[in-house]
Protein chains: 2
Amino acid sequence: MSQQRPGGQSGQPGAVPALPDLPEATVARLPEYLRALHNLAETGHDTVSSEGLAAAAGVNSAKLRKDLSHLGSYGTRGVGYDVALLIEQIEYVLGLTQRRAVALVGVGNLGHALAGYAGFATRGFRIAALFDADPSRVGEQISGLVVRHIEDLAEIAAAESIAIGVIATPAAAAQSVADQLVAAGVTSILNFAPCVLSVPEGVDVRKVDLAIELQILSFHEHRKASLTSLPATGPTGGLTALPGGLSATGTEEAVGT
Amino acid sequence: MSQQRPGGQSGQPGAVPALPDLPEATVARLPEYLRALHNLAETGHDTVSSEGLAAAAGVNSAKLRKDLSHLGSYGTRGVGYDVALLIEQIEYVLGLTQRRAVALVGVGNLGHALAGYAGFATRGFRIAALFDADPSRVGEQISGLVVRHIEDLAEIAAAESIAIGVIATPAAAAQSVADQLVAAGVTSILNFAPCVLSVPEGVDVRKVDLAIELQILSFHEHRKASLTSLPATGPTGGLTALPGGLSATGTEEAVGT
DNA sequence: AGGCGCTTGTGAAGTCGTGCACAAATCGCG
DNA sequence: CGCGATTTGTGCACGACTTCACAAGCGCCT
């Protein structure tokens, strides 16, 4: 609460205030709060209550308050949180005040999509370089960037101060790419390849596996089906009259996500 | 994930081998085990120890044994697990014995990549239909499928027995699409749009947000950077940046890939 | 047949995360 | 200036998950 500087002894004058070491679960939710806050800011809200922000982020309000309390006391009792101030604080804690350079390796199907994903640019990141091992792809231009050969990774990573790498290669190549990223000084990796990477201590790896997400959903489907013996909403039971209110008025063109 | 049915297990006197009520954390790991097991099977392994499989899946061996124990006793003490049998069991529990039909909504940048992603097809799923709200995209052919207008969703979903939907639209359209999916009988949704979806009880939603993953990595980058000048406090010790070693720490077998 | 080494399955303890409930703090108003 | 309405920050209890440690079971070798 009154602890402006968690972490205790920081004898470094002028140094960055030591980051509180947040619970991992909290860290994983902060980006969601941040997105919700940006939405609120755009719709003209100056302050927001924990209840309101929690609803916008899809979590419990008590959890939200506890999460925010971990990074200091930035709310006002009886009023709520100042949206702009909270955005600033979360962006600072997440290290988004600088626009981090990201290297993307593998410009296949998925790599193309990622290279064109506007969400990276608008949320604190800059794709600084694209790489591939296939010579026929080197030189291709995607979203204003030229694909370089993976051999040039170390050189470019150093020049661009790249600390985060994204692997969008086939699984067979992923470990080799990871090794090269680490050798080039990258200390955080986002892996889309369906395999386990082994990296030295001090390097963070996060994994996104699209098939796994579907398989988890499949389990719940299976379970729901095994519990459903009588309910009318059986599979393809017949055309149920759709509620007319669900018109597609809100649908827009599906621009590249 | 949150909306679990309460434990009131009603009736159903021993008919089907009722699905064990697995911990959510276990469910999330089963697909990883499954992938590792397929790798092992392809490289000629007939059996595998918990230690070996755990290494291949990137988890602790005790955790793996406990996970597997939840779905029955399919190991042999002193020997290990029969790879083929375990694959069969996990696929059954995950509901992958049938090839589930999936609807993909939004064929923008990301949607294209997902439609062409081979991993879905090889891991238990069949993309049965593509949808978009943009008339200029309707009719386009992608990976052997014709893009249909979102209006046709209900009809096609019924015809193809689609129970899982994937949303790859801009955030502004996602809620509307989700409503339409639900109205069409879809009970599981994988959402790539950066927003919170509200759905009726009984519908499962999982979310994948690429920018959030990067922001989590960014936090750890920020934290690492702020520690490099501070004394190491805590059990995690200072991250000793072994400069020369580019090879991975573990010498464990790298699971063929 | 019996002992020995290996591996599973699991009780128990420890750690982490969640949600409730409430005191403390702040604002607006009479 | 004090009071009530409102909302934050947090102590505490509970539940979920992880990890350890070990007994029980299995196959092989002698």
Side-chain angles (χ1 to χ4, degrees), chain A residues 1-6 20-30 32-33 36-37 40 45-83 85-86 89-90 93 216 219, chain B residues 1-7 20-30 32-33 36-37 40 45-83 85-86 89-90 93 216 234-236 252:
Chain A
M1 54 200 275
S2 58
Q3 297 271 35
Q4 296 293 3
R5 188 176 282 186
D21 67 346
L22 307 171
E24 198 48 42
T26 295
V27 174
R29 283 187 294 264
L30 287 181
E32 194 70 48
Y33 302 156
L37 283 165
L40 288 167
H45 294 72
D46 289 339
T47 65
V48 64
S49 69
S50 65
E51 200 74 43
L53 182 52
V59 302
N60 180 301
S61 70
K63 193 180 337 194
L64 179 134
R65 286 199 299 276
K66 185 152 293 188
D67 283 341
L68 294 187
S69 77
H70 284 140
L71 39 97
S73 190
Y74 295 107
T76 305
R77 300 181 189 216
V79 177
Y81 297 92
D82 182 281
V83 172
L85 175 61
L86 201 49
Q89 279 304 319
I90 294 180
V93 169
I216 295 172
F219 167 80
Chain B
M1 76 200 250
S2 57
Q3 39 223 25
Q4 300 283 12
R5 228 193 72 156
D21 200 358
L22 305 174
E24 195 50 40
T26 295
V27 174
R29 283 187 295 264
L30 287 181
E32 193 71 49
Y33 302 156
L37 283 165
L40 288 167
H45 295 71
D46 290 338
T47 64
V48 64
S49 69
S50 65
E51 201 73 44
L53 181 53
V59 302
N60 182 301
S61 71
K63 192 179 339 193
L64 180 134
R65 286 199 300 276
K66 183 146 290 189
D67 282 342
L68 294 186
S69 77
H70 284 149
L71 40 97
S73 191
Y74 295 107
T76 305
R77 298 180 190 222
V79 177
Y81 298 91
D82 181 282
V83 172
L85 175 61
L86 202 48
Q89 279 304 319
I90 294 179
V93 170
I216 295 172
T236 51
E252 69 233 12

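Sequence lines set the chain letters: A, B, ... in the order given, protein chains first and strands last, and positions in each chain run from 1.
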Does the side-chain contact (heavy atoms from CB on, under 4.5 Å) test come out yes or no for B/Leu86 and B/Asp82, once each step is laid out?
CA-CA 6 Å; B/Leu86 202 48; B/Asp82 181 282; over 6 Å; no
I need a per-nucleotide contact map over nucleotides 20-30 of chain D, read 5' to 3'. Cutoff is protein heavy atoms under 4.0 Å; write B for the base, S for backbone only, - otherwise.
BB-BBBBS---
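- Considering only the side chain of B/Tyr81, C/dG9 comes nearest among D/dG9, D/dT19, C/dG9.
- Under 4.0 angstrom from either OP1 or OP2 of C/dT7 there lies no side-chain N or O belonging to B/Ser50.
- Atom C1' of nucleotide C/dC16 and atom CG of A/Asp67 are separated by 13 Å, given to the nearest angstrom.
- Between the two ends of the helix from C/dA1-D/dT30 to C/dG30-D/dC1, each summarised by a five-pair axis, the helix axis turns through 10° (rounded to 10 degrees).
- In this entry the distance linking CG of B/Leu71 with P of C/dT8 reads 14 Å, nearest Å.
- Taking B/Asn60 as the reference, B/Ala62, B/Lys63 meet the side chain to side chain contact (heavy atoms under 4.5 Å, CB included) condition, with sequence neighbours excluded.
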Pick out the pairs of N or O atoms, protein on one side and nucleotides 28-30 of chain C on the other, that lie under 3.5 Å.
none

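- A 4.5 Å side-chain heavy-atom check between B/Leu64 and B/Arg29 finds every atom pair outside the cut-off.
- Counting all heavy atoms, side chain and backbone alike, A/Glu32 lies closest to A/Ala57 at CG-O, 3.7 Å.
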Applying side-chain contact (heavy atoms from CB on, under 4.5 Å), run through B/Val83 and B/Asp46 and close with a yes or a no.
CA-CA 5 Å; B/Val83 172; B/Asp46 290 338; 5.8 Å; no
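- The backbone N or O of A/Gly52 lies less than 3.5 Å from a partner atom in the side chain of A/Ser49, making a donor-acceptor pair.
- Across all their heavy atoms, B/Ala36 and B/Leu53 have their closest contact at CB-CD1, 3.8 Å.
- To the nearest 0.5 Å, atom OH of residue A/Tyr33 and atom CG of residue A/Leu71 are 10.0 Å apart.
- Applying the side chain to side chain donor-acceptor pair (under 3.5 Å) rule to B/Thr26 yields the partners B/Asp67; only residues at least two apart in sequence or on another chain are considered.
- Taking atom CG on A/Asp21 and atom P on C/dT15, their separation rounds to 16 Å, with Å as the unit.
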Evaluate the criterion side-chain contact (heavy atoms from CB on, under 4.5 Å) for residue pair A/Leu22 and A/Leu30; output intermediate values, then yes/no.
CA-CA 10 Å; A/Leu22 307 171; A/Leu30 287 181; 3.8 Å; yes
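- The NZ atom of B/Lys63 sits 13 Å away from the C1' atom of D/dA16 (whole-angstrom rounding).
- Across the protein-nucleic acid pair, A/Leu86 atom CG and D/dT7 atom C1' stand 15 Å apart, rounded to whole Å.
- Taking atom CD of A/Gln89 as the reference point, atom P of D/dT8 lies 17 Å away to the nearest angstrom.
- As a whole-Å value, the separation of B/Glu24 CD from C/dT18 C1' is 16 Å.
- Here A/Ser50 pairs with A/Arg65 under the side chain to side chain donor-acceptor pair (under 3.5 Å) rule; sequence neighbours left out.
- Of the candidate nucleotides C/dT10, C/dT18, D/dT18, C/dT10 has the atom lying nearest to any side-chain atom of B/Ser69.
- Atom P of nucleotide C/dG9 and atom CD of B/Glu51 are separated by 14 Å, given to the nearest angstrom.
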Please report the C-alpha distance between B/Tyr81 and B/Thr76 in whole Å, then the side-chain angles of each, then the deciding distance to 0.1 Å, and finally whether the side-chain contact (heavy atoms from CB on, under 4.5 Å) criterion is met.
CA-CA 6 Å; B/Tyr81 298 91; B/Thr76 305; over 6 Å; no
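- Side-chain N/O atoms of A/Ser49 include none lying less than 4.0 angstrom from OP1 or OP2 on D/dT7.
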